[in-house]
Amino acid sequence: MSYKDTINLPNTEFPMRANLSERELDFQKIWEENNIYEKAVKNREGKESFILHDGPPYANGDIHIGHALNKILKDFVTRFATLKGYYSPYVPGWDTHGLPIEHQVKSEMSDQERKDLSVEELREKCTNYALKYIDRQREQFKRLGVWGEWDAPYLTLSPEYEVKQIEVFGEMAKKDLFYRGKKPVHWCPHCETALAEAEVEYGEDRAPSIYVKFPLKEKFEVGGVSLNKDNSYVVIWTTTPWTLPANMAIAFHPEYPYVVVEAEGENLIMAKELVSNVMEISGIEEYEIISDEFSAKELENKKCRHPFEDRDSLLILGEHVTLEQGTGCVHTAPGHGHDDFVVGHQEYGLDVYAPMDNRGYFTEKAGDFAGKSTDEVNIMVTDKLKEKNLLMDLSFIDHQYPHCWRCKGNLLFRATDQWFASIDAIKEKTLKAISEVEWHPSWGEERMKNMISERSDWCISRQKKWGVPIPIFYCDDCEEAVINDDTLDSVKKIFAVEGSSAWYKYPAEKLLPKDYSCPHCDGSSFTKEEDIMDVWFDSGSSHKAVLETRENLSWPAQIYLEGTDQYRGWFNSSLLTAVATEGRAPYNEVITNGFTVDDKGNKMSKSQGNVVSPHKVIDQYGADILRLWVASSDFKNDVKVSDNILKQNSEVYRRIRNTYRFVLGNVSDFDKEKNYVKYEDRKELDRWIMIRLQDLIKKVTSAYEKYEYHRVYHDVHNFCTVEMSSLYMDITKDRLYTDGTDSLSRRSAQSTLYDIMMALVVMLAPLLPHTSEEVWQFLGDKVAAKESVFLSDWPELKKAYYDQELTAKWADLLNIRKDVSKALELARADKKIGNSLEAGVELKGASEAQLELLENELEQLADLFIVSQVELNDQLSEGEAYLGEESSVLVKVNEAKGDKCDRCWKYDESVGKGEEHKDICNRCASVIESE
RNA sequence: GGGUCUAUAGCUCAGUUGGUCAGAGCGCACGCCUGAUAAGCGUGAGGUCGGUAGUUCAAAUCUACCUAGACCCA
């Protein structure tokens with residue numbers, strides 16, 4: 001007869017193959033329909049808050065693997081916090097304003113449509129565009145298994161958000177942190193608009209190339225020669241002669257050597273390395289370097305005369321000067337160049353002068369050049385220079401020049417009025433705030449401090465339409481800028497109802513309080529500011545706009561968690577607005593994740609073909625595998641991802657899943673109410689693994705608290721593989737299958753498996769929510785009280801379980817087990833045995849203590865080694881036995897005595913001797929009898 | 001060019017304040033099992049700790065330089 005029916009084999013419907021890509025959707029549906037997220041959060045109402053504030057992704061395009069990494073990490077944080085007992089609601093958000101969307105919307109229109117478009121229409125289209133992508137991304141984020149208030153996210157374009165944002169702006173304005181200044185921007189004279197760097201295209205263009213002599217203002221000595229102002233010059237080179245009227249300075253590199261060259265009776269200052277170049281280009285054959293090399297530091301703050309304006313030109317130092325072209329002496333017009341602005345204006349305080357109108361024509365201030373175009377001025381300038389004999393050379397060259405993305409025309413670099421936030425005013429406070437934040441990893445503090453220390457003032461203005469208007473008015477009479485509580489309250493009221501598009505819909509009078517008059521001059525007519533705010537001001541206000549306005553949130557946030565690029569971005573702008581308004585950082589902790597790179601550590605790019613798409617991963621493997629990949633990586637560094645890496649994670653997943661499956665199969669007849677064996681009454685091996693489980697709980701909990709998910713991953717995986725699968729489950733199978741159904745030994749094992757399962761499923765729930773929920777549902781009646789794993793509690797660490805004596809004893813026994821395994825393998829290689837149950841083992845301890853141990857535990861050794869018999873033999877010698885490397889025990893492997901029991905498959909001398917059950921051993925016979 | 005980082009077996013990670021032959025799991029190879037079976041068990045082979053030069057009795061661990069890579073800025 002077959003005895004298979006008399007044993008308790010695993011029994012479960014829990015599928016070995018997960019089929020995650022399809023089944024995950026079922027669980028997501030269950031969560032959504034039953035409001036599990038809401039219930040889980042509500043479950044912790046009144047408990048300590050743990051608020052992770054979401055950095056808003058930009059509402060454009062589909063999510064990529066970097067988004068997935070970041071959002072999944074956030075999900076780990078909030079799910080763990082909730083299970084651990086914190087009140088941790090998660091409100092996701094989106095960043096919706098800004099150039100890329102405006103750009104995209106415009107480029108989808110014909111030229112005519114674009115021309116006919118009103119600002120309000122444009123903004124409506126932008127709104128729709130953003131909303132469309134929010135919907136798309138929302139579904140994609142939800143598909144990752146990220147939970148949160150997806151039905152009520154925060155959007156930077158929502159009226160309530162905009163109101164808070166201009167409130168933040170107003171608070172800063174009241175503290176006098178804003179000022180109006182000029183700054184050069186890319187300007188298209190045809191489209192009459194400023195362009196962002198993304199809208200600039202560089203292309204070949206023909207330009208005049210001129211070398212110009214600037215006369216010294218006074219005589220000075222340098223490099224051992226004395227220079228006379230009548231015949232001594234600094235030589236500059238430029239390809240934009242029209243910017244010369246705005247010249248304010250000449251920049252020299254502080255480190256390169258300069259010299260004086262004598263040529264044609266004149267003394268010329270230039271970089272030593274470029275002398276021969278310049279002479280060759282200018283066609284001068286006879287020249288001589290008449291000075292020693294000298295540092296430009298000797299020239300700093302001396303002056304030249306402007307070649308044709310009634311003005312001086314200051315000699316200054318700048319690291320941006322190169323020796324690739326020109327003379328090493330750089331014409332500097334702070335109104336017409338970026339470096340010129342930074343060095344000339346911000347470092348040397350020179351005027352930002354750009355006498356030019358929106359169409360690119362020179363203004364009245366430009367004197368002779370008034371009304372002229374840049375092309376005309378190019379010619380006039382060179383003529384003037386020739387006239388004064390200050391033009392060393394004129395030629396034409398082809399070079400890379402910026403063009404407008406739309407009309408393809410040449411761009412100008414031109415200073416326009418901008419609003420700035422003064423960083424200097426709050427720098428000290430900000431640096432202090434940084435040191436009060438906990439940075440993970442810790443180098444973040446230094447990175448942030450360096451960044452803030454070096455940061456110059458924040459240009460808030462953007463000459464665009466898709467954004468939050470800068471809520472400032474200008475009095476038409478006195479031209480003063482007006483912003484105060486009265487004007488702000490009025491604007492806020494209107495924005496709260498109609499959103500910030502109202503700024504474009506209504507004239508200033510409607511936006512201001514009724515009959516408002518200028519606080520400076522009593523004037524009653526006003527003009528609105530046309531610029532919008534930098535989008536970093538949008539998201540940088542989120543801590544106020546979200547944390548302060550939502551009832552379930554609170555300021556400041558416990559955590560910001562973003563990619564490392566956000567030191568410059570969101571961490572930075574949020575910090576500045578928070579310090580400006582509240583005097584401290586908006587976060588207690590900042591965590592950063594690295595970027596996703598390919599398996600060689602290179603960044604992903606379409607052209608490299610190494611891009612891993614989260615959608616594909618989900619289709620092929622499932623979101624839980626993607627999440628496992630996130631968990632497996634030390635995200636503080638850059639995170640590698642490739643097919644191979646994902647495949648590896650799916651193998652790890654399989655091991656975890658099969659551990660669950662084994663347990664589920666073996667507790668199918670287990671009723672916790674009736675069959676649970678309490679810890680003290682369990683078998684030693686069961687107690688041993690329970691202690692191992694406590695170690696695991698301790699390690700895993702601590703790893704979660706430190707955001708070290710890769711430690712969770714490794715610890716849990718090792719536990720499943722080493723402790724559980726190859727040891728505990730392998731050994732316990734015999735008890736579970738063949739001992740009496742209701743025997744203490746079997747119930748003891750089941751109770752243990754149950755305890756382990758309950759701890760594991762909760763501990764992995766933040767990482768593998770779908771699988772954990774699936775397991776939870778399969779536990780069925782046993783956990784009926786809780787409808788979802790996410791409504792349960794974090795496993796409790798049972799310190800009382802610890803038992804040093806037992807732990808030490810089992811460490812010894814398991815060492816011996818390793819040696820026995822090795823000995824069995826040798827026997828197997830000799831074809832003496834196949835299955836280890838075909839073996840009987842003889843042992844000899846290597847020490848008194850070990851001999852005693854073996855003697856005491858003899859009873860359970862066969863089960864522990866999964867062999868049929870174990871005997872002690874103090875006659876064993878090294879010649880006939882294997883000497884264990886781990887424990888020094890001597891092991892001799894023999895064929896097992898007796899015959900194979902048909903029921904438990906062990907060999908035993910009692911087999912074949914029974915009356916009723918001939919083919920099975922005594923133990924099995926008695927089990928059958930008693931069932 | 002500047003700021004901040006990273007570099008340990010094919011892969012993912014451990015390696016406290018420098019000190020026993022550098023560890024784990026996976027993968028791989030080989031074997032076993034066929035009552036966890038598109039599972040499970042065992043054994044084994046894989047590393048000049050990115051490179052070079054130093055400090056030291058002693059360095060994967062400290063210093064300098066170099067190489068490769070990442071983010072931000074210029």
Side-chain angles (χ1 to χ4, degrees), chain A residues 2-12 14-17 319-320 322 338-339 342 441-451 453-455 563-569 571-572 592-604 628-629 631-634 636-655 657-666 708 710-711 713-722 725-727 729-731 733-734 736-738 818 820-831 833-838 866 903-905:
Chain A
S2 163
Y3 287 95
K4 190 164 179 171
D5 302 333
T6 71
I7 61 175
N8 291 296
L9 288 174
N11 175 25
T12 179
F14 185 80
M16 176 144 47
R17 304 255 297 171
E319 303 272 352
H320 66 290
T322 71
H338 182 265
D339 290 329
V342 170
S442 55
W443 49 255
E445 176 170 353
E446 200 181 338
R447 182 164 175 179
M448 192 54 125
K449 276 186 171 165
N450 285 339
M451 220 160 239
S453 312
E454 290 161 21
R455 181 161 186 171
T564 54
D565 54 334
Q566 297 305 324
Y567 283 102
R568 183 65 187 189
F571 298 150
N572 203 303
T592 53
N593 61 267
F595 270 58
T596 47
V597 294
D598 71 10
D599 50 2
K600 294 187 191 77
N602 292 319
K603 77 171 103 188
M604 294 190 187
L628 201 57
W629 159 71
S632 75
S633 318
D634 182 357
K636 290 175 194 76
N637 299 325
D638 286 339
V639 177
K640 290 186 193 172
V641 62
S642 69
D643 258 357
N644 181 36
I645 290 168
L646 288 162
K647 209 172 134 204
Q648 187 193 194
N649 277 290
S650 69
E651 302 274 358
V652 170
Y653 176 85
R654 193 171 45 111
R655 171 56 65 118
R657 188 173 180 88
N658 272 310
T659 303
Y660 281 142
R661 186 160 185 272
F662 180 89
V663 177
L664 286 170
N666 281 295
E708 294 177 337
H710 62 288
R711 289 199 185 249
Y713 169 94
H714 281 284
D715 288 343
V716 169
H717 183 224
N718 271 16
F719 183 79
C720 287
T721 302
V722 181
S725 193
S726 77
L727 258 172
M729 297 191 319
D730 208 29
I731 294 168
K733 271 193 284 191
D734 176 63
L736 290 163
Y737 296 176
T738 64
K818 276 187 199 165
V820 172
S821 283
K822 182 69 193 276
L824 290 170
E825 185 64 23
L826 293 172
R828 198 171 282 132
D830 284 350
K831 304 289 178 197
I833 60 164
N835 188 322
S836 60
L837 286 176
E838 289 165 21
I866 319 184
R903 186 170 175 276
C904 70
W905 291 356

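A, B, ... follow the sequence lines: proteins, then strands. Residue 1 opens every chain.
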Could you check A:L824 against A:E446 and say which one's nearest nucleotide on RNA chain B is further toward the 5' end? A:E446
When the C1' atoms of B:rU12 and B:rA59 are considered, how many whole Å apart are they? 26 Å
A:S725 (side chain) and B:rA36 (base): donor-acceptor pair under 3.5 Å: yes
For A:M16 and B:rG40, give me the distance from atom CE to atom P, rounded to whole Å. 8 Å
Which value, in whole Å, describes the distance between the P atoms of nucleotides B:rA22 and B:rU4? 34 Å
Heavy-atom donor-acceptor pair, A:Q648 side-chain to B:rG25 base, under 3.5 Å: yes
When the ring planes of A:Y737 and A:F662 are compared, do they come out parallel, tilted or perpendicular, using 30° and 60° as the limits? tilted
Looking only at atom types and distance, does a side-chain atom of A:D638 sit under 3.5 Å from a main-chain N or O of A:F595, one as donor and one as acceptor? yes
Nucleotide of B:rA70, B:rU12, B:rG25 approaching A:T721 most closely (side-chain heavy atoms): B:rG25
To the nearest angstrom, how far is A:Q566 atom CD from B:rG3 atom C1'? 17 Å
Between A:S726 and B:rG42, does any side-chain N or O lie under 4.0 Å from OP1 or OP2? yes
Assert: residue with more 5' nearest nucleotide on RNA chain B, out of A:K636 and A:R654, is A:K636
Tell me whether the OP1 or OP2 atom of B:rG40 has a side-chain N or O from A:R655 closer than 4.0 Å. yes
Whole-Å distance between B:rG50 C1' and A:D638 CG? 16 Å
When you check the phosphate oxygens OP1 and OP2 of B:rA68, does a side-chain N or O of A:K600 lie under 4.0 Å from one of them? no
Within less than 4.0 Å of OP1 or OP2 of B:rC71, is there a side-chain N or O belonging to A:K603? yes
Give a yes or no on whether a salt bridge exists between A:R568 and A:D565, defined as a side-chain N under 4.0 angstrom from a carboxylate O. no
Give me the distance, rounded to whole Å, that separates B:rC66 from B:rA29 when you measure between the C1' atoms they each carry. 38 Å
What distance, rounded to whole Å, do you find between the two C1' atoms, one in B:rG51 and one in B:rC41? 43 Å
Just how far, in rounded Å, is P of B:rG23 from CG of A:N718? 16 Å
Using 30° and 60° as the class boundaries, would you call the ring planes of A:Y713 and A:H717 parallel, tilted or perpendicular? tilted
Ignoring the backbone of A:I7, work out which of B:rC32, B:rA38, B:rG35 is nearest its side chain. B:rG35
Of the listed B:rC71, B:rU12, B:rC41, the closest approach to the A:Y713 side chain comes from B:rU12
Can you tell me the distance, in whole Å, between the CG atom of A:N835 and the P atom of B:rC32? 12 Å
With P as the reference atom in both, quote the distance from B:rA45 to B:rC33 in angstrom, rounded to an integer. 23 Å
Should A:K822 be listed as having a side-chain N or O under 4.0 Å from OP1 or OP2 of B:rG44? yes
Quick one: is B:rA36 close enough that its OP1 or OP2 comes under 4.0 Å of any side-chain N or O from A:Y737? yes
Main-chain N/O of A:K640 paired with A:W629 side-chain donor or acceptor, under 3.5 Å: yes
Expected output: side-chain A:N572 to main-chain A:Y567 donor-acceptor under 3.5 Å: yes
Taking atom C1' in both B:rU34 and B:rG40, what distance in whole Å separates the two? 9 Å
Stepwise salt bridge (Lys or Arg N to Asp or Glu O under 4.0 Å) check, A:R828 with A:E825: CA-CA 5 Å; A:R828 198 171 282 132; A:E825 185 64 23; 2.9 Å; yes
Take atom C1' in B:rC62 and the same atom in B:rA24, then report the distance between them in whole Å. 27 Å
Let's test your reading of the pairing rules: Watson-Crick or G-U wobble, both distances under 3.5 Å, then write RNA chain B as a dot-bracket string with ( ), [ ], | and dots. (((((((..((((.....[...)))).(((((.......))))).....(((((..]....)))))))))))).
Proximity to the side chain of A:D634 - top-ranked nucleotide from B:rC72, B:rC13, B:rG25: B:rC13
Short side-chain N/O contact to B:rA39 OP1/OP2 from A:N658, under 4.0 Å: no
Taking atom C1' in both B:rG15 and B:rA60, compute the distance separating them and give it to the nearest angstrom. 9 Å
From the list A:C720, A:S650, A:P15, side chain to side chain contact (heavy atoms under 4.5 Å, CB included) partner of A:R657 resolves to A:P15
Where do A:N8 and A:L736 land on the side-chain contact (heavy atoms from CB on, under 4.5 Å) test, with the steps shown first? CA-CA 7 Å; A:N8 291 296; A:L736 290 163; over 6 Å; no
Can you find a donor-acceptor pair, distance only, under 3.5 Å between A:R447 side chain and B:rC72 base? no
Per A:E651 side chain, nearest of listed nucleotides B:rG31, B:rG27, B:rA24: B:rG27
Do the side-chain N or O atoms of A:R711 get closer than 4.0 angstrom to the phosphate oxygens (OP1, OP2) of B:rG15? yes
Pick one: which of A:K449, A:R455, A:R447 meets side chain to side chain contact (heavy atoms under 4.5 Å, CB included) with A:M451? A:R447
Phosphate oxygens OP1/OP2 of B:rA14: is one of them under 4.0 Å from a side-chain N or O of A:H710? yes
Heavy atoms only, 4.0 Å cut-off, all strands: where does A:T738 land among base, sugar-phosphate and nothing? base
